[in-house]
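Each ligand, and each atom within it, is numbered from 1 in the order the structure gives. This is a predicted model, so every value here is computed, not measured.
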Amino acid sequence: MNATQTRHTELIRPRPSRPLISVVVPCYNEEEAVGVFSAAISETLSVADFGYEIVFIDDGSSDKTREALIALAQHEQKVRVIALSRNFGKEAALTAGLDHARGDAVVVMDADLQDPPALIMAFVEKWREGFDVVYGARADRARDTFAKRLSAEGFYRFFNRISKIKLPDDAGDFRLMDRRVVKAIKSLPERSRFMKGLFAWAGYSTIGVPYARPERAAGETKFSFWRLWNFALDGIVSFSTAPLRIWSYVGVVIALLSFAYASFIILRTLLTGVDVPGYASIVVLILFFGSVQLISVGVLGEYIARLFTEVKRRPIYLVDEVYDNEGESSQSHQERYSVKSAS
Ligand code: UDP
Ligand code: MG
């Protein structure tokens with residue numbers, strides 16, 4: 001466990017004796033899961049020696065998730081529901097959750113019980129010991145498919161090689177963060193929010209608590225291959241400029257090679273005279289350089305596309321409605337259409 005521990009300050013910051021812990025849960029088409037989830041979480045936390053609130057984010061579900069969540073909020077004081085105006089994606093939903101959480105520490109977890117509620121107790125214990133970030137470290141990926149394991153491993157290796165920010169390869173989003181870490185993450189203005197990267201960017205004393213990740217309790221995964229691919233691209237482009245810069249080096253290497261080849265041809269022509277054949281090598285070279293140029297233009301495009309999104313400064317999410325324990329809450333019109341500001 002020590003391997004995952006980064007820095008633990010000697011000076012332990014005092015924690016409130018009866019802190020409020022916010023549990024932030026993004027939900028997208030989880031109608032089958034929310035009932036089981038909320039039963040499990042209340043059972044675990046009912047015996048806790050800290051106060052808690054559960055902030056569900058309905059990320060524009062097209063099934064009965066919102067209704068199910070509101071029903072929960074109506075008979076459970078501690079539940080709040082933030083319903084977004086459409087599906088903004090898990091990263092935006094998490095951002096909305098962090099913005100609305102009021103706790104001294106915030107736990108983010110999935111609605112499908114793949115993040116065991118019992119672990120929250122261990123998280124809070126570590127937080128009380130003085131750690132600012134406590135994350136669930138996946139002890140093994142045995143339950144993932146071979147393809148997913150392989151691609152995840154490749155992604156983390158590549159990401160950590162080209163980015164200054166290092167992602168622990170056993171960490172998901174499941175974690176507890178102290179209020180000041182949440183504050184740091186909320187202060188980040190970017191629109192494309194690769195949360196794993198933002199969490200790692202914030203730093204602070206961090207520790208992992210190992211656990212075996214169970215199967216989904218109900219429903220199915222929302223991350224198709226294509227969505228994961230785009231997610232990985234987002235992560236890399238948001239946290240590294242290496243793909244942009246590598247082309248200058250590729251260019252220099254190719255220029256050197258062509259220079260050497262040109263010298264060779266000149267020498268050979270001087271020594272043995274002109275020779276015409278060479279159709280195959282010319283075609284191969286044209287194809288090769290054509291594709292190198294296309295790839296580099298494509299990489300430029302990835303960054304420009306993101307610059308474009310950032311520059312537009314559109315809000316990260318839109319809140320449709322907020323439900324507190326009073327059912328449909330006392331939100332103002334303004335709040336209802338409130339947008340996330342840059343701060
Ligand atoms: N999720 C979300 N918005 C989305 C996709 C997913 O809020 O657009 C939520 C989903 O409801 C779940 C969590 O993100 O609570 C993780 O999703 P999932 O279990 O499908 O991912 P996996 O565990 O397969 O990586
Ligand atoms: Mg899941």
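Summary of contacts: the protein heavy atom closest to atom 1 (N) of ligand 1 is Y28 CB, 3.8 Å. Of the protein's heavy atoms, E30 OE2, 3.3 Å lies nearest to atom 12 (C) of ligand 1.
Proximity to D59 (heavy-atom distance under 4.0 Å) selects the following atoms of ligand 1: 2 (C), 3 (N), 4 (C), 7 (O), 8 (O). Atoms of ligand 1 found under 4.0 Å from any heavy atom of R227 (numbered from 1 in listed order, with element): 4 (C), 5 (C), 8 (O). With ligand atoms numbered from 1 in the order given, ligand 1 contributes 7 (O), 11 (O) to contacts under 4.0 Å with heavy atoms of C27. Within ligand 1, the atoms closer than 4.0 Å to a non-hydrogen atom of A111 are 15 (O), numbered from 1 in the order shown. Listed by number with element, the atoms of ligand 1 under 4.0 angstrom from any heavy atom of N87 are 3 (N), 4 (C), 8 (O).
Applying the ring-ring contact (aromatic ring centres under 6.0 Å, His included) test between F123 and each of Y52, Y211, F174 identifies F174 as the sole match.
Under the 30°/60° scheme for interplanar angles, the aromatic rings of F194 and F155 are found to stand perpendicular.
Shown here for D49 and R128, the closest heavy-atom pair between the two residues is OD1-NH1, 3.1 Å.
For R66, the side chain to side chain donor-acceptor pair (under 3.5 Å) test picks out D58, D320, E321, with sequence neighbours left out.
Residue contacts with ligand 1: A93 is placed with no nitrogen or oxygen under 3.5 Å of a nitrogen or oxygen of the ligand (distance criterion only).
Between F56 and Y323, the ring centre distance reaches or exceeds 6.0 Å.
Within the structure, the closest approach of R213 to ligand 1 falls below 4.0 Å when heavy atoms are considered.
Its N, O or S atom nearest to the Mg ion (ligand 2) is what matters here, and for D112 that atom is OD2.
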